[in-house]
There are 2 protein chains.
Amino acid sequence: MDAIFKALADPTRRKLLDRLFRKQGQTLTELIDGLDMRRQSATKHLAVLEEAQLVTCQWHGREKLHYLNPVPIAEINRRWLDKFSGDRAAAILNLRDALQENDNE
Amino acid sequence: MDAIFKALADPTRRKLLDRLFRKQGQTLTELIDGLDMRRQSATKHLAVLEEAQLVTCQWHGREKLHYLNPVPIAEINRRWLDKFSGDRAAAILNLRDALQENDNE
DNA sequence: TTGACATGCAGCTAAATTGCTGCATAATGA
DNA sequence: TCATTATGCAGCAATTTAGCTGCATGTCAA
């Protein structure tokens, strides 16, 4: 549990998750393409995400393919959102979207 | 956004959220009752949670009452869970619950 | 008014974290 | 075989963070 939140605490790791969310099964070099960061840094970040089981990996020859695992994310909701407050929060977010106030990050 | 994840990264802050989830509207001294921590530390933690808007406060005389705000939590799901993977993850978690494997934290 | 209580604010130290450089390993393809 | 490519591992400097102590502020109640 602690590993999940620690992993999500860093903006670079969240950006890597965003990239995996858009396209699964990317290699390390593919993931950092266009990012202002050395390969070795990303390796450390991906190791953190992997340990938290937010990212699952699969070797193909010398290539390591990365996949986003949705389960840990789903666990977060269940901890602090009961059905009623969860529905209310979702409604608020839908309203916010409708008002175009989607200024993320 | 960054503030939310940074706030959730610390186990002490998550414990404070757990306590607020169980009982809303607690004061500072009520919140730290039974915890092995000085009052001043908890003040800093609550300030972090407050800045991330995970906790909302309300003054009543000299007492500061704390409330859990579910909206930022709901935002996390929307970022990395599309409808299909979210449903699948929820199903996995329900299955896990049914198998009694709820060893949190 | 005055003592007790709830809380805030400043500053210190120890520990953790980030991103880097440098080098090693292993697989692919000409 | 051998150069190239994909990745891992070790270690370093700078920054951030957690929890503490000490003191200040403001409210309540006798």
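Letters go in sequence order (proteins before strands), and every chain restarts at 1.
For D:dA18, one of the phosphate oxygens OP1 or OP2 lies less than 4.0 angstrom from a side-chain nitrogen or oxygen of B:Arg13. When the side-chain nitrogen and oxygen atoms of B:His45 are compared with OP1 and OP2 of D:dG19, one or more of them lie within a distance under 4.0 Å. Regarding contacts with the backbone of C:dT18, every side-chain N or O of A:Ser41 stays at 4.0 angstrom or more from both OP1 and OP2.
In this structure, the CZ atom of A:Arg14 is 15 Å from the C1' atom of C:dT17, given to the nearest Å. For the pair A:Leu46 CG and C:dT17 P, the interatomic distance rounds to 17 Å; values are reported in whole Å. Atom CD in A:Glu51 sits about 14 Å away from atom C1' in C:dT17, given to the nearest Å. Rounded to whole Å, atom P of C:dT17 lies 14 Å from atom CG of A:Leu49. Summarising the geometry, the separation between CZ on A:Arg38 and C1' on D:dG11 is reported as 18 Å, rounded to the nearest angstrom. For the pair A:Leu35 CG and C:dT18 P, the interatomic distance rounds to 16 Å; values are reported in whole Å. Remark: P of D:dT16 and CG of A:Asp10 are 13 Å apart, rounded to the nearest angstrom. Atom NZ in B:Lys15 sits about 15 Å away from atom C1' in D:dG19, given to the nearest Å.
Pairs engaging residues 20-40 of chain B under the salt bridge (charged side-chain N to carboxylate O under 4.0 Å, His left out) rule: B:Lys23-B:Glu30 [sequence neighbours left out].
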Exercise. Reading nucleotides 3-11 of chain C from the 5' end, what letters show protein touch, with B for base, S for backbone sugar-phosphate only, - for no heavy atom under 4.0 Å?
Worked result: -BBSBBB-B
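Side-chain contact between A:Arg13 and A:Lys15 is absent, with no heavy atoms from C-beta onward closer than 4.5 Å. Side-chain atoms of B:Leu46 and B:Leu31, non-hydrogen and from C-beta on, do get closer than 4.5 Å to each other. The closest side-chain heavy-atom distance from B:Lys64 to B:Glu50 is below 4.5 Å. Counting heavy atoms from C-beta on, the side chains of A:Leu54 and A:Asn69 never come closer than 4.5 Å.
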For this session: Please step through salt bridge (Lys or Arg N to Asp or Glu O under 4.0 Å) for the pair A:Asp2 and B:Arg14, ending with a clear verdict.
Result: CA-CA 10 Å; A:Asp2 188 60; B:Arg14 292 198 298 274; 2.8 Å; yes
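Annotation for A:Glu51: atom CD does not count as buried by contact number, only 12 or fewer foreign heavy atoms lying within 6.0 Å.
Taking for each of A:Lys6 and A:Asp36 the nucleotide of DNA chain C with the nearest heavy atom, the 5'-most of the two is the partner of A:Lys6.
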